[in-house]
Q: 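My structure is below; once you've seen it, I'll send some questions.
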Amino acid sequence: MLDRKYILENAAAVKENCLNRGNDSDIDQLVHLENRRRVKMTESQDFNRQANEKSKLIGKAPAEEREALKEQARTLREQKDTAQKEHDALDQQILEIQNRIPNMSHPAAPIGIDDKANLELRKSDCQPREFDFPVLDHVDLGSQLDLFDFEGGARVAGSGFYFLKNDAVLLELALQQYALRLLIDDGFTPVTTPDLATTEILNGTGYIPRGPETQIYSIENSNLNLVATAEITIGGLLAGQTLTAETLPVRICGTSHCFRTEAGAHGKASRGLYRVHQFTKVEMFAFTLPEQSEQMLEHFCELECRLFEGLEIPFRVVDTATGDLGGPAYRKYDLEAWMPGRGTSGEYGEVTSTSNCTDFQARRLNVRYKTKGEKGTRFVHTLNGTAIAISRAMIALLENHQQADGSVNIPEALRPWIGKDRIEP
RNA sequence: GGAUGGGUGGCCGAGUGGACGAAGGCGGCAGUCUUGAAAACUGCUGUACCCUUACGGGUACCCUGGGUUCGAAUCCCAGCCCAUCCGCCA
């Protein structure tokens, strides 16, 4: 959520930003309503002040004057209530518009309405292999090596669910260990998180449960929802807290399951593990001072690159275009891994993504910090980034490391946790 | 799931329906004293929002939401959360 005062003072810039992001929020209307709301607020406060003054007199007033004073106070309260109600109605309307306005965008973020405008920033040291045998995709590899059971998953929970089997199970655990180890060594505090969170926390992080277009599974008769990412729970971890500036940045990494309905996603590349309703993910998160967040985004991106270089998977990093940033991100880098089995001769597919949300999430989650000797508090900045999303990492891993004989080499970095150097039928 | 006791400022803790944004203490900050430190003493010490160029002023907030009242931390109703004990359980 953007700050209202900011919107009022920078209406033109906010409007332009909405345009760049393909968002049709009515900024003029918001400005108009907010100006009216201010008037009503002042009015209501003034009536209330007068009523308080009368009420204070009643205790000391002689008995014969009390009824008259009571009547006056009562009238003032009624006037206050009326003004207050009008104020609240305006406030509600403003909030509805305000909630739909996306974050501002980094001046360097490429402007464009969708991912076609994404700007490639760098490529991995590790280059795509030249295969001298017919390349299989992860579904076929998995079938030969008995790593997945999609039919079983569908039987139990419907299409989009799956069982991992045999070495794929070890691979999932190994990938988690590998990512967590690297992040812990970098100074993150590791956590496991709830896989459910309340609707308020989801809203605070910028996720909208229970709409027709929602990506979120909700639990009936409760305000709990299955999380789409640990970003939700870790972001919510400090909701409503005021931190002291010296403790920032706070960096947390967590592993959780991620649940996504993928509503409306049918038809897009969805074979196998690419687009599933549940997967496991190791997530990075940071609460920072405003002046630390740009640097932290670079660092998160650097860590993601290091993780995939370590897995010997070719990738590229793109600076995400304004129209593809989603609501909360100020700037976002996607890391796209080379997937040799995708398309006719291999394609890049998104495997991780890291965003600087500046104070956009913090404002709704109400996470603040206080600087010693300074009056008041300010909102922290939040950042999130995928360390490893297991399902997509597994696609890239299997497809890039496949061998002519149908086996798959395990990259050096994972061997300590798997206990073998190749997966064979 | 059953029983009981609780939710007040950074923390502890008081609070006859008007004096309460809230005693007292601790902690923190500033000062006096001291060669320095400690102790002692003095003062200050919540947050958000609104009005104001400023000085300053105002409104709200004592778990949450309703209600009673001219007036609620205080009374009433509902809910949430926490603690302890019992049962059940990976």
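The chains referred to below are lettered A, B, ... by the order of the sequence lines, with proteins before strands, and numbering in each begins at 1. The figures that follow rest on heavy atoms only: side chains count, while hydrogens, waters and symmetry mates do not.
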Q: Under 4.0 Å, heavy atoms only, any strand: does A:T377 hit a base, just the sugar-phosphate, or nothing?
A: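 If one applies the 4.0 Å heavy-atom cut-off, A:T377 turns out to touch the sugar-phosphate alone, with no base involved.
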
Q: Roughly how many Å apart are B:rC33 and B:rG9, using the P atom of each and rounding to a whole number?
A: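 Here B:rG9 and B:rC33 have their P atoms 38 Å from each other.
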
Q: Could you state the CD-P distance from A:Q241 to B:rG10, rounded to the nearest angstrom?
A: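 That distance rounds to 11 Å.
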
Q: For A:Q50 and A:G376, find the nucleotide of RNA chain B closest to each by heavy atoms; which residue's nucleotide sits nearer the 5' end?
A: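 Final value for this comparison: A:G376.
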
Q: Look through every strand shown and name the nucleotide pairing with B:rA78 as Watson-Crick or G-U wobble, where both distances are under 3.5 Å.
A: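 Its partner is B:rU64 (Watson-Crick or G-U wobble, both distances under 3.5 Å).
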
Q: So does A:T42 get a side-chain nitrogen or oxygen closer than 4.0 Å to the phosphate oxygens (OP1/OP2) of B:rG58?
A: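 For B:rG58, OP1/OP2 do not have a side-chain N/O of A:T42 under 4.0 Å.
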
Q: Taking CG from A:D91 and P from B:rC50, how many angstroms apart are they, rounded to a whole number?
A: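 Rounded to the whole Å, the gap is 12 Å.
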
Q: Does the side chain of A:Y333 reach to within under 4.5 Å of the side chain of A:E298, using non-hydrogen atoms?
A: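 Sidechains of A:E298 and A:Y333: in contact.
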
Q: Describe the nucleic acid contact of A:K370 in one word from base, sugar-phosphate, nothing, applying a heavy-atom distance below 4.0 Å.
A: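 Sugar-phosphate, backbone atoms only, no base.
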
Q: Report the base-pairing partner of B:rC20 (Watson-Crick or G-U wobble, both distances below 3.5 angstrom), or none.
A: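 B:rC20 is unpaired by these criteria.
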
Q: Using the C1' atom in both, what is the distance from B:rG1 to B:rU59, to the nearest Å?
A: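 46 Å, rounded to whole Å.
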
Q: Can you give one letter per nucleotide of nucleotides 60-82 of chain B, 5' to 3': B if a protein heavy atom sits under 4.0 Å from the base, S if only from the sugar-phosphate, - if neither?
A: S---------BS-----------

Q: If you assign A:L57 and A:R37 each to the RNA chain B nucleotide with the nearest heavy atom, which residue ends up on the more 5' nucleotide?
A: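 Going by which nucleotide is closer to the 5' end, it is A:L57.
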
Q: Expressed in whole Å, how much space separates the C1' atoms belonging to B:rG65 and B:rU16?
A: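 Here B:rG65 and B:rU16 have their C1' atoms 27 Å from each other.
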
Q: Please give the nucleotide sitting opposite B:rA90 as a Watson-Crick or G-U wobble pair, both distances under 3.5 Å, or none.
A: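 With both distances under 3.5 Å required, B:rA90 matches none.
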
Q: Could you check whether any side-chain N or O of A:N225 sits under 3.5 Å from a backbone N or O of A:V227, counting only pairs where one atom can act as donor and the other as acceptor?
A: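 Flag not set: sc A:N225 to bb A:V227 has no pair under 3.5 Å.
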
Q: Tell me the interatomic distance from A:L8, atom CG, to B:rC50, atom C1', rounded to whole angstroms.
A: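 Atom-to-atom, A:L8 to B:rC50, this comes out as 14 Å.
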
Q: Run the side-chain donor-acceptor check on residues 19-28 of chain A: report pairs under 3.5 Å with partners two or more places apart or on a different chain.
A:
residue : atom : partner : partner atom : Å
A:R21   : NE   : A:N103  : O            : 3.2
A:R21   : NE   : A:S105  : OG           : 3.1
A:R21   : NH1  : A:G326  : O            : 2.6
A:R21   : NH1  : A:A329  : O            : 3.3
A:R21   : NH2  : A:N103  : O            : 3.2
A:R21   : NH2  : A:M104  : O            : 3.1
A:R21   : NH2  : A:S105  : OG           : 3.4
A:R21   : NH2  : A:A329  : O            : 2.3
A:N23   : OD1  : A:S25   : N            : 2.9
A:N23   : OD1  : A:S25   : OG           : 2.5
A:N23   : ND2  : A:R100  : O            : 2.8
A:D24   : OD1  : A:R100  : NH2          : 3.2
A:D26   : OD1  : A:D28   : N            : 3.4
A:D26   : OD1  : A:Q29   : N            : 3.1
A:D28   : OD1  : A:K15   : NZ           : 2.9
A:D28   : OD2  : A:K15   : NZ           : 3.3

Q: Could you tell me how far B:rG21 sits from B:rG58 if I compare only their C1' atoms? Round to whole Å.
A: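 To the nearest whole Å, 14 Å.
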
Q: What integer distance in Å separates A:R49:CZ from B:rC50:C1'?
A: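 Atom CZ in A:R49 sits about 13 Å away from atom C1' in B:rC50.
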
Q: Would the A:F163 and A:F161 ring centres measure less than 6.0 Å apart?
A: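 No - the distance between ring centres of A:F163 and A:F161 does not fall below the 6.0 Å cut-off.
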
Q: Could you grab the distance from atom OH of A:Y330 to atom CG of A:L383, nearest 0.5 Å is fine?
A: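 One finds 12.0 Å between OH of A:Y330 and CG of A:L383.
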
Q: Mind checking the P distance from B:rG27 to B:rC80? Whole angstroms is fine.
A: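 So the two P atoms sit 39 Å from each other.
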
Q: Determine which nucleotide pairs with B:rC26, using a 3.5 Å limit on both distances of a Watson-Crick or G-U wobble pair.
A: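 In the structure as shown, B:rC26 has B:rG10 as its Watson-Crick or wobble partner.
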
Q: State, to 0.1 Å, how close A:P411 and A:L397 come at their nearest heavy-atom pair, and which atoms those are.
A: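 So the two residues come closest at CG-CD1, 4.0 Å.
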
Q: Measure from the side-chain N and O atoms of A:Q403 to the backbone N and O of A:H401, and report whether any donor-acceptor pair falls under 3.5 Å.
A: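 Confirmed, A:Q403 side chain pairs with A:H401 backbone.
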
Q: Take atom P in B:rU64 and the same atom in B:rG10, then report the distance between them in whole Å.
A: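 About 14 Å, rounded to a whole number of Å.
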
Q: Starting at CG of A:L69, measure out to CZ of A:R74 and round the result to the nearest 0.5 Å.
A: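 These two atoms lie 11.5 Å from each other.
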
Q: Taking atom C1' in both B:rA72 and B:rC77, what distance in whole Å separates the two?
A: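 The same atom, C1', in both gives a distance of 15 Å.
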
Q: Quickly work out the A:N366 CG to B:rU47 P distance and round it to whole Å.
A: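 Value for this atom pair: 14 Å.
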
Q: I'd like the C1' distance from B:rC50 over to B:rG36, given in whole Å.
A: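 Taking atom C1' in both B:rG36 and B:rC50, they lie 49 Å apart.
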
Q: Counting Watson-Crick and G-U wobble pairs only, both distances under 3.5 Å, name the nucleotide matched with B:rC41, or none.
A: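 Base partner found: B:rG31.
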
Q: Less than 4.5 Å apart, any side-chain heavy atom of A:D319 and any of A:R331?
A: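 In short, these two side chains touch, coming nearer than 4.5 Å.
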
Q: Any strand counts, and the cut-off is 3.5 Å on both contacts for Watson-Crick or G-U wobble. Which nucleotide pairs with B:rA3?
A: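 The answer is B:rU84, by the H-bond criterion.
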
Q: Sort out the partner of B:rA48 for me: Watson-Crick or G-U wobble, both distances under 3.5 Å, none otherwise.
A: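 Here B:rA48 is engaged in a pair, and the nucleotide opposite it is B:rU59.
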
